[in-house]
Number of protein chains: 2
Amino acid sequence: MKLKDKQTEDKIFEAATEVFLEKGMDGARMQEIADKAGINKALLHYYYRTKDRLFDAVFALIANQMFKKLTPVFDEKLTLEEKIRLFFKEHIAFLKKNPRLPIFILNEINRNPERIKRIINSLNVKNMWLIVEKQHKDELEKYNITQENIPQLITSIAALSIFPFVAKPIISAILGEIGADYNDYINQRGDFAADFTIRAIRK
Amino acid sequence: MKLKDKQTEDKIFEAATEVFLEKGMDGARMQEIADKAGINKALLHYYYRTKDRLFDAVFALIANQMFKKLTPVFDEKLTLEEKIRLFFKEHIAFLKKNPRLPIFILNEINRNPERIKRIINSLNVKNMWLIVEKQHKDELEKYNITQENIPQLITSIAALSIFPFVAKPIISAILGEIGADYNDYINQRGDFAADFTIRAIRK
DNA sequence: GTCTATAGAAGGATAGAC
DNA sequence: GTCTATCCTTCTATAGAC
């Protein structure tokens, strides 16, 4: 593959990422992607054959990014509390830069659940899970958490981090009504969520 | 308006609600709505003129239902803790019956934020807010909550309740990997989230 | 009010020249 | 590899008969 090929393919991929993130699979138009990439529709099909394949490629990368972004936290040698603080800090910083990612992923996996199953299989999530479980097995006694409600805890942490971004239009509108500001709200979110979670699990 | 008119209009509205909930605005097809209502496409336009107006009607009702479902909690004469427990119980029961509502609303408001602004204006959210604030003003001293981070608390409660439903395909897939079951997880959700929240705000 | 038929436009995809 | 031209299907929306 020549250099120029890669450039065009990348331009298409980037343009497609932008358009799919903004409009979703159903709302996205091949014409708009072509325009944004500075090429014509035929070339999209030359590289990716169909809209569906192009979408698959974009979605797989984005979903992987989302998960990969979290794995460094698992590897750190930190206490559970430190890990929780680090997670909220890093994750919210990431979402501030990519605010449309979560609603995009959540919407598309609800429209087509098969997509996320493939990715979770390829990531070997079970292994990640076992590692985390093992890392903090001893520590759990110190907290008000049992082995079996770890999923409740993990999803709660994810919820506290992600929800402010997926519900931005509602939160923003309500805050506006009471004279508050969404950006201030988001800037305080990491600390609040970390304190909230740690208080919740302490004995 | 005759009885038969109302029947047809209702049939259309119900069919449209089903299809829009399942496919979203962009993915929905007028033909599918007509088929589900047992009539033809022309009649859809006779009653609602355009797809956009039909969607607006459906969306407005659903979004109002979602908010209205919450207001009874505000009126109850309960302590903050009791109210939190009641909220999770009722809200999660509601979402179990209507699991597609939250992802639908969240997706559509992100694609078109103006829609939710209109509804929040019409509901007089500011007034609801002031009432809740007033109701528990004295109680706040007993908790680790200040006047100014009430929005953080409210959105956290909403997050803990809603996220398990919008992320169902991910949660379900991961739970499957570790030999757990999504329905069990959801059945335990209300109690876990209530305990979690109350522990988090206690001094 | 309800139907059939169809207009009119847009979208995904391909053929074929260069 | 890239373009123009175009096919074919699908979709929203309307016209007009009953």
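In what follows, chains carry the letters A, B, and so on, assigned in the order in which the sequence lines appear, proteins first and then strands, with residues in each chain numbered from 1.
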Residues B/R85 and B/D191 bridged, charged N to O under 4.0 Å:
no
Set of residues satisfying salt bridge (Lys or Arg N to Asp or Glu O under 4.0 Å) with respect to A/E148, sequence neighbours excluded:
none
Let me know the distance between CZ of B/R53 and P of D/dT12, rounded to the nearest Å.
16 Å
Is the phosphate of C/dT2, meaning OP1 or OP2, less than 4.0 Å from a side-chain N or O of B/T8?
yes
Does A/Y48 place a side-chain N or O at less than 4.0 Å from the phosphate oxygens OP1/OP2 of C/dA13?
no
List in chain and number order the residues that pass side chain to side chain donor-acceptor pair (under 3.5 Å) with B/H91, two or more places apart in sequence or in another chain; answer none if no residue qualifies.
B/S161
When rounded to whole Å, the NZ to C1' distance for the pair A/K51 and D/dT10 reads 12 Å
So, using side chain to side chain donor-acceptor pair (under 3.5 Å) as the criterion, who are the partners of A/T79 when residues are at least two apart?
A/E82
Could I get the full list of salt bridge (Lys or Arg N to Asp or Glu O under 4.0 Å) partners for A/K36, not counting sequence neighbours?
A/E18
Using the test salt bridge (Lys or Arg N to Asp or Glu O under 4.0 Å), find all partners of A/K168 that sit at least two apart in sequence or belong to another chain.
none
Using distance only, find each side-chain donor-acceptor pair of residues 99-109 of chain B under 3.5 Å and give its atom names and separation, not counting sequence neighbours.
unit_1, atom_1, unit_2, atom_2, d
B/N107, OD1, A/N107, ND2, 3.3
B/N107, ND2, A/N107, OD1, 3.3
B/E108, OE2, B/M25, N, 2.9

Using atom CZ of B/F55 as one end and atom P of D/dT12 as the other, report the distance to the nearest whole Å.
13 Å
Whole-Å distance between D/dG1 P and A/K11 NZ?
13 Å
Within residues 23-46 of chain A: residues closer than 4.0 Å to DNA chain C (heavy atoms):
A/A28, A/R29, A/M30, A/K41, A/A42, A/H45
Salt bridge (Lys or Arg N to Asp or Glu O under 4.0 Å) involving A/E90 - partner list, sequence neighbours excluded
none
Overall bend - the helix from C/dG1-D/dC18 to C/dC18-D/dG1, comparing terminal axes fitted on five pairs, nearest 10 degrees
10°
